[in-house]
Amino acid sequence: MRDIFNSFTKKKDFLVCIDSDGCAMDTMNSKHFYCFGPCMIEEWELTPWKDEVQKRWNEVNLYTMTRGINRFKGLSMVLNEVNQKYKKIEGIEELSAWTNEAKELSNNSLIQKIKESDSAMLKQVLEWSIKVNQMVEKLPESEKKPFGGVMEGLQAIHQKADIAIVSSANQDAIEKEWEDHGLLQYTDILLSQDCGSKAYCIERLLEKGYKKEKVLMIGDAPGDRDAAGVNGVLYFPILVKKECDSWNRLLTESMEKFVSGSYQGAYQQACIEEFEENLR
């Protein structure tokens, strides 16, 4: 597991952790519509059921309470359903076991598992994941833009808080997307899937001396909410299909409450309830 935490130094009293895909960057739909789903359909030869399978992939990864799930867990969920409904998937048990037992779910940890097991199924999963990354790189720049309000939000936040990108996406993709749009200059550390889970990343950042009530996780998925909750830090949701409104609310209302100490409690709970209702 990559350890870049040792080189990070706390500069401000406040820390804001921000997810990338579907939260700051308007890339999540495109990646699932044009990369993740189609690559799965091609790799496991699911073309006869492509519409049904793609629809289910989108439901699991975008529009329900499993939104933002790790790519390998999402793959396991959908392929298990495919195995039951449409076509036998050889080695599905091996994928399920790995996603349930592995401490880290990334290409690097998958490579190590393949060295140990020589599993044909896991080799196929790795090929799929690599192919997805290649397809993401080929997406047109028009599909890799930040949501409206993100630049202004980052500029305002960075005046008062350290900023950490905390994402389960690919490191190179995050770095390029944020750099291309001038966003990386407002961040202090970039933590991607190879650095560990979001919960683990927040835990390591807390070791730098931040008080929990002065740490805010901004995200668009239940996993972001849970990563914040398990560490006892605050959570602000970016609502699916209402992303620009969410960033405007953060800038004009929520950040002030966070800095003043009035965010936690009833205000945060109302935000979370609205977030959960939006995904039902």
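Side chains are part of it too, since the values below use all heavy atoms of this structure and drop only hydrogens, waters and symmetry mates.
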Residue pairs involving residues 157-166 (criterion side-chain hydrogen bond (donor to acceptor under 3.5 Å, both in side chains); sequence neighbours excluded): H158-D188, D162-Y210
Minimum heavy-atom distance between E104 and S109, given as atom pair plus value: O-OG, 2.7 Å
pair Y200-C195: side-chain heavy atoms closer than 4.5 Å: no
Closest non-hydrogen atom pair, L239 against S246: N-OG, 3.0 Å
Evaluation steps, side chain to side chain donor-acceptor pair (under 3.5 Å), between S168 and N70: CA-CA 7 Å; S168 58; N70 174 276; 5.7 Å; no
Any side-chain heavy-atom pair of V16 and M217 under 4.5 Å: no
pair V215-F14: side-chain heavy atoms closer than 4.5 Å: no
Residues Q264, Y235; criterion side chain to side chain donor-acceptor pair (under 3.5 Å); working and verdict: CA-CA 9 Å; Q264 59 187 325; Y235 175 63; over 6 Å; no
4.5 Å side-chain heavy-atom contact, I202 and V230: no
Pairing residues for E81 by the salt bridge (Lys or Arg N to Asp or Glu O under 4.0 Å) criterion, not counting sequence neighbours: R56
Whether K73 side chain and S96 backbone form a donor-acceptor pair below 3.5 Å: no
Spacing of C17 atom SG and I163 atom CD1 [to the nearest 0.5 Å]: 10.0 Å
Cationic tip of K257 above Y263 ring, under 6.0 Å, 45° of axis: no
Separation between CD1 of I272 and CZ of R225, rounded to the nearest 0.5 Å: 7.5 Å
side-chain contact (heavy atoms from CB on, under 4.5 Å) partners of T66, counting only residues at least two apart: V60, T64, M77
Contacts of N133 that satisfy side chain to side chain donor-acceptor pair (under 3.5 Å) - sequence neighbours left out: R71
Spatial distance of atom CG (N170) from atom CD (E175) [nearest 0.5 Å]: 10.5 Å
Which pairs would a plain distance check flag for residues 35-52, meaning a side-chain donor or acceptor within less than 3.5 Å of a matching protein atom at least two apart in sequence or in another chain?
residue: E43; atom: OE1; partner: K131; partner atom: NZ; Å: 3.2
residue: W44; atom: NE1; partner: Q124; partner atom: OE1; Å: 3.4

Contacts of E116 that satisfy side-chain contact (heavy atoms from CB on, under 4.5 Å) - sequence neighbours left out: K113
Pair S76-N80, side chain to side chain contact (heavy atoms under 4.5 Å, CB included): steps then yes or no: CA-CA 6 Å; S76 178; N80 267 286; 3.4 Å; yes
Counterpart residues, side-chain contact (heavy atoms from CB on, under 4.5 Å), relative to E243 (two or more places apart): F147, I238, V240
Pair Q54-N58, side-chain donor/acceptor within less than 3.5 Å: yes
Distance-minimising heavy-atom pair for A24 and V150: O-CG2, 3.3 Å
Test item: S119 side-chain N/O and I114 main-chain N/O as donor-acceptor pair under 3.5 Å: no
Spacing of E207 atom CD and N6 atom CG [to the nearest 0.5 Å]: 9.0 Å
Verdict with reasoning, C23 to I218, per side chain to side chain contact (heavy atoms under 4.5 Å, CB included): CA-CA 8 Å; C23 176; I218 300 174; 3.8 Å; yes
All salt bridge (Lys or Arg N to Asp or Glu O under 4.0 Å) counterparts of K10, not counting sequence neighbours: D13
Shortest non-hydrogen contact between L205 and A164, atoms and distance: CD1-CB, 3.8 Å
D220 bridged to R67 by N-O distance under 4.0 Å: yes
Short side-chain to backbone donor-acceptor contact, K144 and V136, under 3.5 Å: yes
Results of side-chain contact (heavy atoms from CB on, under 4.5 Å) for N83 - residues two or more places apart only: K88, I89, I92
Residue K11 excluded, over 12 heavy atoms near NZ under 6.0 Å: yes
M135 with V78, same ILVMFWY side-chain cluster at under 4.5 Å: no
Euclidean distance, L251 CG relative to R249 CZ, rounded to 0.5 Å: 13.0 Å
Listed partners of D245 passing salt bridge (Lys or Arg N to Asp or Glu O under 4.0 Å), at least two apart: none
Validation row: M25, K145 side chains within 4.5 angstrom (heavy atoms): no
Under 3.5 Å donor-acceptor, T99 side chain and L95 backbone: yes
Heavy-atom pair of closest approach, residues G148 and C244: N-SG, 3.5 Å
Audit row: V166, I189, side chain to side chain contact (heavy atoms under 4.5 Å, CB included) steps and yes/no: CA-CA 9 Å; V166 180; I189 185 171; over 6 Å; no
Sequence neighbours excluded, every pair satisfying ring pair (Phe, Tyr, Trp, His ring centres under 6.0 Å) that has a member inside residues 89-122: F72-W98
Side-chain heavy atoms of L191 within contact of I165, under 4.5 Å: no
Side chain proximity check, L79 to M121, heavy atoms < 4.5 angstrom: yes
Residue pairs, two or more places apart or on separate chains, that pass side-chain hydrogen bond (donor to acceptor under 3.5 Å, both in side chains) and touch residues 17-36: D19-K198, S20-W178, D21-T27, D21-K31, S30-E143, K31-E177, H32-W57
Heavy-atom check, side chain of I130 versus side chain of Q134, under 4.5 Å: yes
Chi angles and distances behind the side chain to side chain contact (heavy atoms under 4.5 Å, CB included) call for M255, V259: CA-CA 6 Å; M255 268 302 294; V259 173; 4.0 Å; yes
Reported CG-to-OG distance for the pair L234 and S254, which is rounded to 0.5 angstrom: 11.0 Å
